[in-house]
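Here the structure is a predicted model, which is why all the values come from computation and not from measurement. In this chain, residues are counted from 1 in sequence order. Values below: every heavy atom of this structure, side chains too, minus hydrogens, waters and symmetry copies.
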Amino acid sequence: MDRLEKHTILLRGDSPQDVKTAGEILRRGGLVAIPTETVYGLAANALDGAAVKAIYQAKGRPSDNPLIVHICDLSQLPPLVRQLPESAKKLAAAFWPGPLTIILKKSDLVPRETSGGLDTVAVRFPAHPVAQAVIREAGLPLAAPSANLSGKPSPTTFAHVREDLTGRVDALLDGGDCAVGVESTVLTLAEGTPRVLRPGGVTVGQLREVLGEVEVDPAVVHRLEEGAKAASPGMKYKHYAPQANVVILDASPEDYRNYVNQQPEAFALCYDEDGDRLTVPFVSYGSRYDHEKQAHMLFTSLHHLDEIGARTVFARMPQKRGVGLAVYNRLIRAAGFQILRPRKALTVGLVGPTGAGKSTVGKLLQQRGCAVIDCDALTRDPQVYDGDCLKELQAAFGADVAAGGVLDRALLARRAFATPEGRKVLGDITFPRIARRLLELRRQAEDQGALAVVLDAPTLFEAGLDDSCARILAVTAPEEVRLERIRKRDGLSEEAARLRMGAQKPESFYTQRADSVVDTREGRGLEALVAPLLEDWLPGEEERCL
């Protein structure tokens with residue numbers, strides 16, 4: 001279809017008359033781009049096969065890729081499906097209206113064009129008030145994939161929609177920017193255990209709270225198997241892609257910046273924290289530990305890379321937890337599954353509150369081929385406190401802190417920690433040496449073939465060591481379990497143990513920053529919990545190591 005073949009009218013979502021006009025266009029079989037809370041959708045009558053075919057033609061979308069049917073009232077769901085299981089009712093009560101799509105066996109009312117030839121139908125109830133108003137005005141359930149040309153980044157602003165679809169559809173309805181920024185979570189209830197086919201704004205953890213057991217389809221993070229039929233939108237090999245060639249770097253922040261800065265013709269798709277240490281042009285898509293912001297920004301950032309003429313882009317790998325899994329799912333498809341590792345062995349930060357069981361997990365990891373570096377012990381390493389170091393400490397804190405060449409740690413601590421200035425001077429003298437020793441131990445572990453290098457560091461974030469870590473593993477346990485462990489380990493009273501626990505960061509400080517969380521409460525089967533971590537730390541079939 002020629003881009004300018006249709007006359008496209010522009011409508012406003014805050015105009016009741018324009019919303020009414022959109023409904024009229026849809027009733028007569030036309031196409032209208034509408035806003036939702038996830039991304040903009042290209043809507044047509046879901047029950048009209050000819051209208052749905054026009055969506056595929058306007059987008060240049062393969063006709064075997066199923067569409068999602070949008071409703072604005074729960075009463076619209078039963079006619080679309082053969083059966084409404086109790087699990088679907090629970091999900092609707094918990095997450096609708098909202099960014100969750102449920103797949104069920106379809107009724108004869110739903111044409112094959114809408115289901116992509118499958119015997120199932122994907123349905124969701126959007127939360128955006130303009131989307132709901134348009135569906136009400138149309139008086140019909142609406143099929144609505146993302147309102148972009150097939151394969152390009154999904155549109156989260158009206159400007160993106162106008163750029164792609166002017167001249168291809170009947171109307172574009174401006175509803176402002178989309179709040180979530182990535183498409184809905186797709187969950188199938190059509191066969192066996194509930195299974196996530198596409199992650200989105202509703203997380204796997206939230207779904208498990210409602211349903212119990214929920215699986216994640218392998219195609220969420222891997223290529224769809226050759227010849228397999230896509231059961232959900234967004235499962236194809238390459239999708240959401242800008243014009244640039246995107247390669248994901250599976251690396252620590254430090255290694256990411258070092259690698260990208262050596263690629264003078266490249267652009268970086270990075271986190272906010274990276275920008276001031278990059279020497280190449282960059283576009284940020286959020287903060288490292290803020291998955292919601294990453295989801296909101298990702299497609300806008302991919303569009304911006306096209307606007308500034310990027311041709312080769314190296315992207316930071318997002319975490320695969322919570323909403324971060326949705327961000328990873330979109331980015332891996334934008335990159336056509338191209339992943340590069342600057343290091344053969346990833347560096348992993350091991351964190352958690354006192355009594356959580358970090359030492360136990362560290363021993364398990366060591367038994368499975370990881371090198372574990374005790375960063376607390378490193379601060380007492382004799383190789384850190386060499387002759388030159390002792391002389392600097394004596395000059396700063398008095399000759400008696402290292403009389404006869406032997407460091408008096410207690411005396412040094414009393415003097416150094418007496419003032420903020422003393423703490424700073426101590427850090428200026430010792431931290432560069434500790435960092436060099438850490439790098440030396442990491443290189444040794446890599447040369448010896450360690451599966452991963454694990455930094456057991458209680459103050460990993462405070463010391464800035466997370467900048468050296470490609471993964472963060474948080475170890476947790478219920479408060480009462482931790483209390484009992486601390487009392488038994490250190491011979492403390494309950495009051496003293498609780499005071500020690502209260503002086504530390506809360507558990508959420510670690511879990512909110514973690515790629516993975518291991519709960520070490522009794523009977524948890526730690527071996528089984530650790531095994532998936534090792535699989536993630538080893539290079540996958542898509543990854544190349546330098």
Under a 4.5 Å cut-off applied to non-hydrogen side-chain atoms, are [X] and [Y] in contact?
| X | Y | answer |
| --- | --- | --- |
| His160 | Phe299 | no |
| Asp119 | Arg82 | yes |
| Val517 | Arg321 | yes |
| Leu305 | Leu269 | yes |
| Glu183 | Ser154 | yes |
| Glu37 | Pro126 | yes |
| Trp96 | Leu77 | yes |
| Arg311 | Gln243 | yes |

Answer yes or no: are there more than 12 heavy-atom neighbours, outside [X] itself, under 6.0 Å from its atom [atom1]?
| X | atom1 | result |
| --- | --- | --- |
| Arg27 | CZ | yes |
| Lys105 | NZ | yes |
| Glu307 | CD | yes |

Point to revise | Of all pairs that satisfy ring-ring contact (aromatic ring centres under 6.0 Å, His included), the ones with a partner from residues 97-153, not counting sequence neighbours | key: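 Residue pairs passing ring-ring contact (aromatic ring centres under 6.0 Å, His included), neighbours aside: none found.
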
Practice item. Test Lys320 against Asp515 for salt bridge (charged side-chain N to carboxylate O under 4.0 Å, His left out), laying out the working first. Key: CA-CA 7 Å; Lys320 305 171 195 172; Asp515 294 85; over 6 Å; no

Using a strict 4.0 Å threshold on nitrogen-to-oxygen distance, state whether [X] and [Y] make a salt bridge.
| X | Y | value |
| --- | --- | --- |
| Asp466 | Arg288 | yes |
| Arg471 | Asp250 | yes |
| Glu273 | Arg277 | no |
| Asp272 | Lys293 | yes |
| Arg343 | Asp255 | yes |

So which heavy atom on [X] is nearest to which on [Y], and how close?
| X | Y | value |
| --- | --- | --- |
| Val52 | Asn45 | CG2-O, 3.5 Å |
| Lys89 | Leu84 | CE-O, 3.8 Å |
| Leu80 | Leu47 | CD2-CD2, 4.0 Å |

Practice item. Begin with the C-alpha distance, continue with both residues' side-chain angles, and end with the deciding distance and a verdict on salt bridge (charged side-chain N to carboxylate O under 4.0 Å, His left out) for Asp274 and Arg257. Key: CA-CA 7 Å; Asp274 297 317; Arg257 294 189 299 268; 3.2 Å; yes

Exercise for review: Report yes if the distance between the aromatic ring centroids of Phe267 and Phe282 is under 6.0 Å, otherwise no.
Suggested key: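 That pair fails the under 6.0 Å test.
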
Check your understanding: Would a line drawn from the ring center of Phe461 to the ring center of Phe509 be shorter than 6.0 Å?
Key ->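 Ring centres of Phe509 and Phe461 closer than 6.0 Å.
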
Check your understanding: Rounded to the nearest 0.5 Å, how far apart are OG of Ser87 and CG of Leu211?
Key ->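 It comes to 6.0 Å.
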
Check your understanding: If you measure only the distance, is there a donor-acceptor pair under 3.5 Å linking the side chains of Thr38 and Arg124?
Key ->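 The answer is yes; a qualifying pair exists.
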
Exercise for review: Tell me yes or no: between the side chains of Asn245 and Thr312, is some donor less than 3.5 Å from an acceptor?
Suggested key: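 Asn245 vs Thr312: no donor-acceptor pair found between side chains.
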
Review point. Cation over ring, Arg316 on Tyr256, under 6.0 Å and within 45°?
Key: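 Geometry flag: set, cation within 6.0 Å and 45°.
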
Using atom types as modelled and distance alone, determine if a side-chain donor or acceptor of [X] lies under 3.5 Å from a backbone N or O of [Y].
| X | Y | result |
| --- | --- | --- |
| Arg198 | Ser184 | yes |
| Gln262 | Tyr259 | no |
| Lys59 | Ser146 | yes |
| Asp48 | Gly29 | no |

